[in-house]
Amino acid sequence: MGNQIDTLKNGEVTPILSSQSSDEEKISPYLSVNEEGGASPSSYEIIESHATCFTCQGTGRIPRDQEKDLVALIPYSDQRLKPRRTKLYVSVAVVACVFAFSLVVFFLFPRSIELVSGGLNSSTVSFSTTVPQSINLKTTHIVNVTNKNYYGLSVTQLDVEVILVTVVIGKVTVKNITRIVPLGSTQIYLTVDSAIKDENTYKICTWPKIKVHNLLLHIQMTVTCSLMGHSEQLFFEDYQYVDCRSNSTIPHHIYSLPP
């Protein structure tokens with residue numbers, strides 16, 4: 001007893017309780033685990049002043065069967081939530097989208113298709129002396145079609161009627177005529193066979209004492225165009241003079257009415 005008291009006085013022996021409490025404070029609440037991902041019963045301890053990790057259950061690892069079910073929480077101050085130049089990237093993307101949309105609207109916006117009569121290219125006149133007497137008139141008309149769109153179109157059908165005063169003397173329909181390139185134009189030649197069976201008109205054209213043998217023809221045309229998956233019909237009319245006395249003539253163009 002005397003030796004023990006002397007030892008304590010000299011400070012060579014420390015109390016047992018204080019040593020145990022200091023060891024417990026140094027114990028980590030989560031210890032390492034083995035390679036299989038499991039922990040042995042003695043591999044970790046939980047101290048009363050610490051809480052258990054509910055996600056990893058004290059093992060320090062996430063179970064593989066819960067990888068897709070767990071959600072990671074990132075602090076609001078994390079720099080990953082505040083990428084640099086975000087406003088610049090968003091502005092550039094918006095400007096690019098607006099520019100691309102403007103280009104699409106500019107090139108795909110439907111524009112007009114212009115039809116202009118090129119007049120009468122030629123005419124051929126023949127007379128039938130059998131009763132009833134008639135005038136057979138063969139005329140070739142010119143139609144100028146201009147495509148003002150930035151995409152091609154097809155002229156699928158052309159209907160023409162030749163009218164003398166109020167009587168339709170000839171008509172023709174032509175299908176699948178031609179295709180016009182973007183911002184291009186083309187000329188269409190169309191021949192119409194007409195028959196005039198009016199006795200007074202026959203006398204005007206055949207009587208030698210009459211020096212003027214011009215007939216005023218009223219031309220009505222309907223052009224059907226196919227573009228961008230839909231069809232569009234255009235109508236216009238024209239007035240032309242024809243010399244019914246000569247066998248073959250090239251009459252002059254008078255004027256045309258807008259569609």
Side-chain angles (χ1 to χ4, degrees), residues 92-126 135-196 214-244 248-259:
V92 170
V94 171
V95 172
C97 293
V98 172
F99 180 72
F101 179 77
S102 302
L103 287 179
V104 171
V105 172
F106 177 78
F107 286 105
L108 296 184
F109 185 80
R111 293 170 173 81
S112 62
I113 303 171
E114 184 178 349
L115 299 178
V116 177
S117 175
L120 199 61
N121 181 62
S122 64
S123 64
T124 303
V125 181
S126 62
I135 302 172
N136 298 322
L137 183 63
K138 187 175 184 179
T139 55
T140 302
H141 306 268
I142 303 175
V143 182
N144 297 319
V145 184
T146 301
N147 180 17
K148 296 184 178 181
N149 295 281
Y150 285 89
Y151 44 86
L153 62 87
S154 299
V155 180
T156 58
Q157 185 170 324
L158 181 59
D159 301 306
V160 179
E161 286 187 352
V162 179
I163 303 173
L164 180 62
V165 188
T166 58
V167 180
V168 177
I169 60 175
K171 61 172 57 179
V172 68
T173 299
V174 182
K175 297 183 178 181
N176 300 325
I177 301 173
T178 184
R179 179 170 179 81
I180 305 177
V181 298
L183 301 179
S185 60
T186 187
Q187 281 189 337
I188 301 175
Y189 292 82
L190 193 63
T191 301
V192 182
D193 292 325
S194 304
I196 305 173
N214 291 335
L215 299 178
L216 182 60
L217 302 181
H218 182 194
I219 313 299
Q220 292 184 347
M221 297 187 184
T222 302
V223 180
T224 304
C225 300
S226 176
L227 65 163
M228 294 294 290
H230 72 280
S231 296
E232 182 176 345
Q233 283 190 339
L234 306 172
F235 174 80
F236 78 103
E237 55 186 1
D238 186 27
Y239 291 89
Q240 298 170 353
Y241 274 122
V242 175
D243 188 351
C244 63
S248 181
T249 60
I250 303 178
H252 60 279
H253 173 63
I254 304 302
Y255 62 91
S256 59
L257 297 179

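The analysis underlying the following values was restricted to heavy atoms, covering all of them including side chains, and did not include hydrogens, waters or symmetry mates.
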Table please: side-chain donor-acceptor pairs of residues 159-176 below 3.5 Å, with sequence neighbours left out.
{"unit_1": "D159", "atom_1": "OD1", "unit_2": "Q157", "atom_2": "NE2", "d": "3.2"}
{"unit_1": "D159", "atom_1": "OD1", "unit_2": "T173", "atom_2": "OG1", "d": "2.8"}
{"unit_1": "D159", "atom_1": "OD2", "unit_2": "Q157", "atom_2": "NE2", "d": "3.1"}

Do D238 and S117 have side-chain atoms, one donor and one acceptor, less than 3.5 Å apart?
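Short answer, yes.
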
Practice task
Would you kindly say whether S123 and T139 are connected by a side-chain donor-acceptor distance under 3.5 Å?
Solution key: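 No, T139 and S123 have no side-chain donor paired with an acceptor closer than 3.5 Å.
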
Check [X] against [Y] and note the closest heavy-atom contact, atom names and distance.
X: Y241; Y: L120; value: O-CD2, 4.3 Å
X: N147; Y: G152; value: ND2-CA, 3.9 Å
X: F235; Y: E237; value: CZ-OE1, 4.4 Å
X: C244; Y: V125; value: O-CG1, 3.3 Å

Just verifying a value: how many Å separate [X] [atom1] and [Y] [atom2], rounded to the nearest 0.5 Å?
X: H141; Y: Q240; atom1: NE2; atom2: CD; answer: 5.5 Å
X: F101; Y: F106; atom1: CZ; atom2: CZ; answer: 14.5 Å
X: T156; Y: E232; atom1: OG1; atom2: CD; answer: 11.0 Å

Worksheet item: Does the side chain of L190 come within less than 4.5 Å of T140's, by heavy atoms?
Response: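 Heavy-atom side-chain distance check fails, nothing below 4.5 Å.
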
Got a list of side-chain donor-acceptor pairs under 3.5 Å for residues 178-189, not counting sequence neighbours?
{"unit_1": "R179", "atom_1": "NH1", "unit_2": "S154", "atom_2": "OG", "d": "2.9"}
{"unit_1": "Q187", "atom_1": "OE1", "unit_2": "Y189", "atom_2": "OH", "d": "3.1"}
{"unit_1": "Q187", "atom_1": "NE2", "unit_2": "N144", "atom_2": "OD1", "d": "3.0"}

Next item on the list: Give a yes or no answer on whether the side chain of N149 reaches the backbone of Y151 with a donor-acceptor pair at less than 3.5 Å.
Entry: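 Flag not set: sc N149 to bb Y151 has no pair under 3.5 Å.
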
**Message:** Just to verify, what does F107 make a side-chain contact (heavy atoms from CB on, under 4.5 Å) with, not counting sequence neighbours?
**Reply:**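 F107 satisfies side-chain contact (heavy atoms from CB on, under 4.5 Å) with L103, Y150 once adjacent residues are dropped.
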
### Query
Which of these passes side-chain contact (heavy atoms from CB on, under 4.5 Å) with S194: N136, L137, I135?
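Single pass found, and it is L137.
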
